[in-house]
Amino acid sequence: MTEEAKTEDRRGFLISALMWGGVALGYGLGAVYFLRYLVPLGDKVPMREMFVGTTGQLEIGESKTIRTPDGETFVMARTGEKSFRVLSDVCPHLGCKVHWVASENHFFCPCHMGVFDPDGKATAGPPAEAGQNLTQLETRVTEGKVFVMIKES
Ligand code: FES
């Protein structure tokens, strides 16, 4: 075999190896994306705790507004000695501000008389008719400190 033929063989081998490597890489990536489409892996939203205050800041029946790092606002109401409710203060009907009414033990939207129970379930007004509830954040009280679970940002 001449030197020129050997060079031609090596060049042909390299071209074939690159071509088949590219084909394998392309099909491999396609298979990975297809499997991720069939079996979604990462639909869980990462959550973290956020400190929102101490138990002494609110008397039973009082409430205050808290803001998450991504700008969402919530009403935090003290509903018992160690119990707090934290619900979105944005009415799911048309977006008015909702507030806590301790004497009635419910959240209230003044725009169209929307009423929500302490868990955020709509009980009267247009939100109840449409089955639109308030988003509630999970709370944890430990050693006099109140935390809520929020989305990792
Ligand atoms: S916007 Fe709240 S009841 Fe309509």
Side-chain angles (χ1 to χ4, degrees), residues 14-153:
L14 282 174
I15 289 171
S16 292
L18 286 173
M19 185 182 77
W20 287 111
V23 168
L25 183 66
Y27 277 108
L29 283 175
V32 167
Y33 282 107
F34 182 68
L35 287 174
R36 287 190 66 186
Y37 169 76
L38 291 178
V39 184
L41 300 174
D43 283 354
K44 283 195 171 181
V45 177
M47 304 291 283
R48 71 176 174 93
E49 277 191 336
M50 182 177 98
F51 172 75
V52 289
T54 60
T55 54
Q57 288 179 322
L58 294 175
E59 296 295 322
I60 294 173
E62 289 183 335
S63 64
K64 71 174 190 176
T65 299
I66 63 167
R67 183 179 300 274
T68 62
D70 57 3
E72 286 183 274
T73 52
F74 292 82
V75 179
M76 176 174 138
R78 185 170 187 175
T79 55
E81 190 59 41
K82 286 188 170 182
S83 61
F84 290 81
R85 294 274 197 262
V86 179
L87 291 112
S88 171
D89 69 353
V90 179
C91 181
H93 179 225
L94 292 177
C96 291
K97 288 289 182 190
V98 171
H99 63 270
W100 172 247
V101 183
S103 60
E104 303 287 332
N105 196 38
H106 66 213
F107 290 88
F108 181 69
C109 176
C111 289
H112 309 102
M113 309 300 177
V115 179
F116 305 87
D117 73 10
D119 291 324
K121 185 176 186 305
T123 57
E129 292 164 16
Q132 300 169 308
N133 302 318
L134 294 173
T135 303
Q136 183 174 185
L137 297 183
E138 183 184 327
T139 60
R140 184 173 72 86
V141 180
T142 182
E143 297 175 1
K145 296 178 185 132
V146 185
F147 298 88
V148 293
M149 294 300 293
I150 61 169
K151 285 181 244 165
E152 188 80 54
S153 51

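Atoms within a ligand are numbered from 1 in the order they appear, just like the ligands themselves. A quick note: this is a predicted structure, and the numbers were derived from the prediction, not measured. For the single chain, residues carry numbers from 1 onward in sequence order.
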The single option from Cys111, Cys109, Cys91 passing disulfide (SG to SG under 2.5 Å) against Cys96 = Cys111

Who passes side chain to side chain contact (heavy atoms under 4.5 Å, CB included) against Thr142, sequence neighbours left out?
-> Arg140, Phe147

Could you tell me whether Glu62 and Arg78 make a salt bridge, using a distance below 4.0 angstrom between a side-chain N and a carboxylate O?
-> no

Ignoring hydrogens and angles, tell me if any N or O in the side chain of Gln136 forms a donor-acceptor pair with the backbone of Gly120 under 3.5 Å.
-> no

When you measure from the side chain of Asn133 to the backbone N and O of Ala122, does any donor-acceptor pair fall under 3.5 Å?
-> yes

Residue shell for ligand 1, any heavy atom closer than 4.0 Å, reads Cys91, His93, Leu94, Cys96, Cys109, Cys111, His112, Gly114, Pro127

Look at the side chain of Asp119 and the backbone N and O of Lys121, then say whether any donor-acceptor pair between them is shorter than 3.5 Å.
-> no

